[in-house]
There are 2 protein chains.
Amino acid sequence: MAKSPHPNTPLTEHLAYLLAQANREINRQLETRLSTEGVPVEQWRILKVLSDGEGHSMGDLAEAVLLNHPTLTKMIDRMVSDSLVYRRQDAHDRRKVLMFISDRGKALCKRLNSLAASQEAHILENYGDKATGELKRLLENLIDAAS
Amino acid sequence: MAKSPHPNTPLTEHLAYLLAQANREINRQLETRLSTEGVPVEQWRILKVLSDGEGHSMGDLAEAVLLNHPTLTKMIDRMVSDSLVYRRQDAHDRRKVLMFISDRGKALCKRLNSLAASQEAHILENYGDKATGELKRLLENLIDAAS
DNA sequence: TCGAAAATGTTGAATGTTCAAGAATTGGGA
DNA sequence: TCCCAATTCTTGAACATTCAACATTTTCGA
């Protein structure tokens, strides 16, 4: 037998594990940066999506920021309390709730963008421009292939 | 001005976001496979680490399976209830708790390995052998560079 | 040797997430 | 037209995670 069918593969050889590990590390760094403003990563994502000034339905938002519906609803509740975003009913489809960013939200988002940009810059520096570009490309392809 | 300093970058151009998205998708697929056995991904990782038959301290385990200490403690509590693993005090350092896998745990782990392997095979098929290898390499480097 | 600080793991309260069910609205076929 | 199924979002209970504080053991310098 040249190869056993299920060799005792270490965890670190699984793609799923490497992704989890990398995601955890990068996310942690980003979290640390954003904590200056006391905001979780997901809220930054939400603000960023809403930054186009358009109204986005809860469903679309949930999809975009990688949260499921109930979780998003409760996070939006907090953000509304903080006057970062507000809800409006969609006139054309009254089942829908459209979310908008407030001026306060815009100002915060700008500051958060800077913090995030400085993190990306830091990664580029340590990891290299080329590798980063290549990694992004491969990740995009993987996401397409997987969904 | 050739370039604005903070262009309104879409979420999908951030490395952190791509990682989160890819991780979510792959993890979901794996979760779906493992749900046949009613086991969360983290428990599979724990079993896999313990599969070498050695005792592993809670701290080392937590590091290896990407969980923080209290979360691991409670997950191990459940696994002990299910007779998948057991605790022993470390004779050399009595602060430490060493974890071991049971026969039941080993049998389960074997089945889980098959399920996980079939997922990896499925990815390889859709995504390509070469791209997968390259992605793994880049992720490993990123993890090194980032920590 | 002694005692303070560090290391290791667990616990309980606060917090957050998820699942299942529910309310409101829309769409489309009988 | 009318009614039933599908869509969209929210809610409440069950569940899981996190933070801070604790108990135990070890380490190491005075």
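Only this structure's heavy atoms are used, side chains among them; waters, hydrogens and symmetry mates stay out. Naming: A, B, ... by sequence-line order, numbering from 1 per chain.
Looking at the side chain of Asp77(B), the nearest of the listed nucleotides dT24(D), dC9(D), dT11(C) is dT11(C). For Pro70(A), whose side chain is taken as the heavy atoms from C-beta onward, the closest listed nucleotide among dG9(C), dT17(C), dA20(C) is dA20(C). Among dT17(C), dG9(C), dA24(C), the nucleotide with an atom closest to any side-chain atom of Ser57(B) is dG9(C).
Listed pair Thr73(B) / dG9(C) fails the phosphate criterion, with no side-chain N or O lying under 4.0 Å from OP1 or OP2. Within the structure, every side-chain polar atom (N or O) of Arg87(B) is placed at least 4.0 Å from both OP1 and OP2 of dG9(C).
For the pair Met58(B) and His92(A), both in contact range of DNA chain C, the more 5′-proximal nearest nucleotide belongs to Met58(B). In this structure, Thr71(A) and Gly59(B) both approach DNA chain C, and ranking their closest nucleotides by distance from the 5' end singles out Gly59(B). Remark on DNA chain D: of its neighbouring residues Asp90(B) and Arg95(A), the 5'-side contact belongs to Arg95(A), judged by nearest-heavy-atom nucleotide.
Note: His14(A) and Trp44(B) have perpendicular aromatic rings, judged against thresholds of 30 and 60 degrees for the angle between ring planes.
The distance from atom NZ of Lys96(A) to atom C1' of dA6(D) is 13 Å, rounded to the nearest whole Å. Put simply, CZ on Arg78(A) is 13 Å from P on dT10(D), counting in whole angstrom units. Rounded to a whole Å, the NE2 atom of His69(B) is 13 Å from the P atom of dC19(D). Here dC9(D) presents its P atom at 14 Å from CG of Leu67(A), a figure rounded to the nearest Å. dG16(C) atom P lies 15 Å from atom CG of Leu72(A), rounded to whole Å. Across the protein-nucleic acid pair, Glu63(B) atom CD and dA7(C) atom P stand 14 Å apart, rounded to whole Å. Between Ile76(B) atom CD1 and dT10(C) atom P the separation is 9 Å, expressed in whole Å. Atom-to-atom, CE of Met75(A) to P of dG16(C) comes out at 8 Å; the value is rounded to the nearest Å.
Under 4.0 Å is where a charged nitrogen must lie from a carboxylate oxygen, and between Glu120(A) and Lys136(A) at least one such pair does. No salt bridge links Glu140(A) with Arg137(A); every basic N to acidic carboxylate O contact stays at or beyond 4.0 Å.
Side chain of Gln21(B) to main chain of Ile143(A): no donor-acceptor pair is present (N/O by atom type, distance under 3.5 Å, no hydrogens or angles). Within the 3.5 Å criterion, the main-chain N or O of Glu37(A) finds no donor-acceptor partner in the side chain of Arg111(A).
Below the 3.5 angstrom threshold, one finds no donor paired with an acceptor across the side chain of Arg94(A) and the base of dT25(C). With hydrogens and angles ignored, a donor-acceptor pair under 3.5 angstrom links the side chain of Lys74(B) to the base of dT18(D).
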